2 protein chains.
Amino acid sequence: MAAWLGFLEATSRVSRHVEHQLKDDAGLSHAQYEILVKLATAPEGEVRMTDLAHGLFTSKSGLTYQVGQLEKRGLVERRSCPFDDRGVLAVLTTEGRDTLRAAAPGHVEAVRSALIDVLDREELDVVARALGRVGARLRPADHSAGPAPHAPAPGS
Amino acid sequence: MAAWLGFLEATSRVSRHVEHQLKDDAGLSHAQYEILVKLATAPEGEVRMTDLAHGLFTSKSGLTYQVGQLEKRGLVERRSCPFDDRGVLAVLTTEGRDTLRAAAPGHVEAVRSALIDVLDREELDVVARALGRVGARLRPADHSAGPAPHAPAPGS
DNA sequence: TACCGGTTGTTCAAATTCGAACCTCCTTGT
DNA sequence: ACAAGGAGGTTCGAATTTGAACAACCGGTA
């Protein structure tokens with residue numbers, strides 16, 4: 001079970017580290033940063049709330065809250081979706097793009113020094129593949145791949 | 001950066017999964033469960049708050065809160081430390097030990113099915129070693145098992 | 001058209017987390 | 001003995017998260 005303990009410690013320390021770095025550097029929480037990234041990599045800098053929530057690892061209400069915070073700071077704007085009256089688009093403002101551009105290098109550096117640089121190439125490979133599988137395995141009833149979400153493992 | 005994304009997704013999904021399983025199964029949060037485990041593995045079922053906070057990955061105030069919750073449910077008792085009047089011992093009650101005993105199998109199963117069983121032996125090995133190093137690297141000025149073969153030199 | 005199940009995003013209360021301020025007590029130096 | 005400095009825990013306010021409940025809206029169907 002050493003893997004589990006290691007996982008727990010690495011998880012909380014890295015997460016804490018990154019969160020701090022980001023907050024001190026750019027006044028953004030990690031959640032907010034991730035939202036900005038998703039918006040920035042989208043075609044027009046605009047993404048529907050649902051798609052955002054899908055790509056991130058937070059609840060719908062959590063997303064509403066964070067987008068609200070970003071909107072207060074003028075980094076994001078809400079616009080109603082032309083095709084779907086109940087839909088809401090989150091749109092990256094110019095200021096938001098600038099903020100992200102300013103924050104990105106520090107964040108990348110933090111991740112690199114905390115996680116990437118500590119591993120050698122092979123470990124990085126294995127960790128990426130292994131954790132990728134672990135994450136995918138727990139993805140909500142997604143019709144993509146993999147067996148039943150709940151594996152009762154009857155045989156035991 | 002695939003490793004980072006994988007890490008993020010695995011982290012949040014596994015954490016969520018375990019948290020849920022534990023809450024549904026035994027009405028405990030993961031933080032509370034970990035506290036009980038630390039207490040149960042201690043000599044007399046009693047540990048000082050500081051030592052608890054040291055072994056867990058939470059802040060002092062967070063620990064105070066969670067121990068308070070556990071105390072409300074009668075799973076833990078507070079006792080003053082005989083050697084140090086400002087110290088507080090968290091003591092596992094019989095009921096607490098029973099609760100833990102009842103919760104443990106489900107938790108272990110959840111961890112196993114979510115993380116362990118998804119990896120083969122070699123991956124498990126590498127992940128444990130790699131993440132162990134990652135976690136240790138971010139440990140606050142810890143003078144224990146010298147994980148500082150490389151000069152930290154975070155400057156620059 | 002009216003209905004009905006399913007989707008979208010928000011609002012709500014409750015729980016949890018964090019850091020800073022704070023008080024009590026120990027330890028050391030004089 | 002006494003003051004200074006530090007350690008141990010708690011308290012406080014603010015921020016964040018979550019799931020459930022909710023209102024509006026889409027799509028298809030009779």
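Note that this is a predicted model, so its numbers are computed, not measured. Letters go in sequence order (proteins before strands), and every chain restarts at 1.
A:Tyr33 is linked by a ring pair (Phe, Tyr, Trp, His ring centres under 6.0 Å) to A:His107, counting only residues two or more places apart in sequence or in another chain. With sequence neighbours left out, A:Arg16 forms a salt bridge (charged side-chain N to carboxylate O under 4.0 Å, His left out) with no residue at all. In terms of the salt bridge (charged side-chain N to carboxylate O under 4.0 Å, His left out) criterion, B:Glu34 has no residue partners (sequence neighbours excluded). Legend: residues meeting side chain to side chain contact (heavy atoms under 4.5 Å, CB included) with A:Gln21, ordered by chain and number and at least two apart, are A:His17, A:Ala110. Judged as a side chain to side chain contact (heavy atoms under 4.5 Å, CB included), and not counting sequence neighbours, the contacts of A:Arg112 are A:Glu109, A:Ile116, A:Asp117. For A:Ala42, the side chain to side chain contact (heavy atoms under 4.5 Å, CB included) criterion is met by A:Val47, not counting sequence neighbours.
Of the residues in residues 75-87 of chain A, those placing a heavy atom less than 4.0 Å from an atom of DNA chain D are A:Asp84, A:Asp85, A:Arg86, in numerical order.
Applying the side-chain hydrogen bond (donor to acceptor under 3.5 Å, both in side chains) test to residues at least two apart or on different chains, the pairs with a partner in residues 70-82 of chain A are A:Glu71-A:Arg78. The side-chain hydrogen bond (donor to acceptor under 3.5 Å, both in side chains) contacts involving residues 81-100 of chain A comprise A:Arg48-A:Asp84, A:Asp84-A:Arg86, where partners must be two or more places apart or lie in separate chains.
Applying the under-4.5 Å side-chain rule to Ile, Leu, Val, Met, Phe, Trp and Tyr, the cluster around B:Leu89 extends to B:Val91.
Counting heavy atoms from C-beta on, the side chains of B:Ile35 and B:Val67 come closer than 4.5 Å.
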Quiz prompt | nucleotides 13-19 of chain C: protein proximity per nucleotide (B base, S sugar-phosphate only, - neither; heavy atom, under 4.0 Å) | solution = --SSBBB
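For DNA chain D, the outermost nucleotides in 5' to 3' order that have an atom under 4.0 Å from a heavy atom of chain B are D:dG6 to D:dG19.
Atom CZ in A:Arg48 sits roughly 9 Å away from atom C1' in C:dT7 (whole-Å rounding).
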